[in-house]
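Below you'll find the structure, written out as structure tokens, and then a few comments.
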Amino acid sequence: MKTKKKWTRLLIPGLIFQSVMIGGGYGTGAEIAQYFGANGMVGGLLAALVTLIIWALLCAVTFEFSRVFKTFDYGSMMRQLLGKAGILYDVCYYIMMLIVLGVVNATAGSMISSLTGLSPWVGVIILSVGTILLVLRGTEAVEKVLSFWSYVLYAVYIIFLIAVFVKFGGNIGAEFAKGEVGDGWLSNGLTYAFYNLVVVPLVLYTVRDADSRKEAVASGLIAGIVGIIPGILLLLVMGCNMATVVAAETPVTVIFEMLNMKWLYVLFEIVLFGTLIETGTGFIKAVDDRIEVAVARRTKGDLPSWLRPLIVVAMTVIGVCVSTFGLTSLISKGYGTACWGFLILFALPMLTIGIYKIHKHSKTV
């Protein structure tokens, strides 16, 4: 018997998808400026539309694949999709996880330091403890917390948007009137979509309650929409002074300086810190789920009670080490390779082999 209402089952995958993905990228605005804002307001919206379409399509197919074959962790999914070659996905995943955990820890440390003047270690400790506690609480707790924080994030983003429109609405309107469409809008939209491909397999546990193809596909399409909306909102507020904001290292900081609303900036940073915990949680939980399913498959038993805390703490400590010893820049040299890996090992196979297997399975039942 389903314990969740239908609208909840449809919406939760998108909320978790957005929660894990958003991390520091949306928060600083740097990624939105680079991939969307650099093409002008209209060009940026076109790039965002490209990203939305790819995310929605891939989420829809992946969620249906997971529903059909009951693969609610990325390890089982890749095993079903690619067979023994699925192990190659693990290599790409661990490279990306190291980068992401290093970045979120470094971001958390600098954020707390700049806001309070305390040691960056305070931010790292808060992030680490929050991530560990959340993962150890289990899947239902992760779903509830990440979903709730998504609502909070949306509320703050909307307040931010309203504040900017009230003060700089004329500037944003003028930016729209330019009708600027940069030459790179299509490639940037594709690049940004591929840049976040890793997140899709991390939220498979959210579709375990989907009971039909219609429901799985609908939740995937909604995920694409929910995931891109915060980026579109940030792009809109950048219209207050597009040239200056897009050129800034941290675009959001420039916008808040123009607004001169300290309370909203602090609120925004608090929400952003929460998204860092969400991102860390998403990546570590995926490893935990993958190991749990692998152990159950081989031993026909449950994961030993001591192993989950060990996995979670170990992954968290590794993330701290990456940020502390400056390995992020070194490891990030393999970032482009990892992104190509997700495209070649996950996205393309899912949209070809995955669709074929779904179709073949539907003819046998």
Side-chain angles (χ1 to χ4, degrees), residues 12-13 15-23 62-63 66 69-81 86-105 108 124-149 197-209 274-323 338 342 346:
I12 281 182
L15 294 176
I16 306 299
F17 174 70
Q18 174 259 303
S19 295
V20 176
M21 177 181 58
I22 199 165
T62 303
F63 291 174
S66 292
F69 296 106
K70 308 301 179 185
T71 55
F72 302 122
D73 69 287
Y74 77 82
S76 298
M77 182 193 71
M78 296 310 300
R79 187 166 178 260
Q80 180 67 42
L81 183 64
I87 193 67
L88 296 175
Y89 182 88
D90 281 285
V91 176
C92 292
Y93 178 79
Y94 288 123
I95 291 173
M96 184 64 77
M97 184 181 69
L98 285 175
I99 296 170
V100 171
L101 293 181
V103 169
V104 296
N105 275 282
V124 172
I125 291 172
I126 294 174
L127 176 73
S128 299
V129 172
T131 300
I132 291 171
L133 292 178
L134 191 52
V135 176
L136 292 180
R137 287 292 300 274
T139 297
E140 290 189 7
V142 170
E143 280 188 347
K144 289 179 181 179
V145 172
L146 268 61
S147 298
F148 169 76
W149 204 252
L197 288 178
V198 63
V199 179
V200 180
L202 303 189
V203 300
L204 300 180
Y205 61 90
T206 64
V207 295
R208 66 192 185 281
D209 291 325
T275 67
L276 297 177
I277 294 178
E278 291 179 322
T279 299
T281 296
F283 275 82
I284 292 174
K285 175 175 170 49
V287 175
D288 180 45
D289 289 348
R290 196 243 190 279
I291 294 175
E292 180 177 11
V293 172
V295 169
R297 185 185 303 123
R298 293 179 182 179
T299 66
K300 307 300 182 183
D302 295 331
L303 196 70
S305 59
W306 56 268
L307 188 54
R308 174 171 284 110
L310 178 63
I311 294 169
V312 175
V313 172
M315 293 296 100
T316 304
V317 171
I318 289 173
V320 173
C321 291
V322 170
S323 63
F342 293 125
F346 164 56

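Below, each value reflects all heavy atoms present in this structure, side chains not excepted, and no hydrogens, waters or symmetry copies.
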Distance in Å, [X] [atom1] paired with [Y] [atom2], rounded so as to fall on 0.5 Å steps:
X      : Y      : atom1 : atom2 : result
Ile16  : Thr281 : CD1   : OG1   : 10.0 Å
Ile22  : Leu276 : CD1   : CG    : 10.0 Å
Glu143 : Arg208 : CD    : CZ    : 4.0 Å
Leu136 : Thr131 : CG    : OG1   : 10.5 Å
Asp73  : Thr71  : CG    : OG1   : 7.5 Å
Leu81  : Ser66  : CG    : OG    : 10.0 Å

With the side chain counted from C-beta on, respond yes when [X] and [Y] share a heavy-atom pair under 4.5 Å apart, and no when they do not.
X      : Y      : value
Thr139 : Lys285 : yes
Leu134 : Leu146 : yes
Trp149 : Ile277 : no
Thr62  : Met77  : yes
Asn105 : Cys321 : no

Show me, pair by pair, the donor-acceptor contacts under 3.5 angstrom made by side chains of residues 89-101, not counting sequence neighbours?
{"unit_1": "Asp90", "atom_1": "OD1", "unit_2": "Tyr74", "atom_2": "OH", "d": "3.2"}
{"unit_1": "Asp90", "atom_1": "OD1", "unit_2": "Arg290", "atom_2": "NE", "d": "2.9"}
{"unit_1": "Asp90", "atom_1": "OD2", "unit_2": "Arg290", "atom_2": "NH2", "d": "2.9"}
{"unit_1": "Tyr93", "atom_1": "OH", "unit_2": "Phe283", "atom_2": "O", "d": "2.5"}

Looking only at heavy atoms, which two atoms of [X] and [Y] are closest? And how far apart?
X      : Y      : value
Ser147 : Ile12  : OG-CG1, 3.9 Å
Leu197 : Phe346 : O-CE2, 3.8 Å
Ile284 : Met315 : CG1-CB, 3.8 Å
Leu202 : Ala286 : CD2-CB, 3.4 Å

Side chains of Ser76 and Lys70: donor-acceptor distance under 3.5 Å anywhere?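 No.
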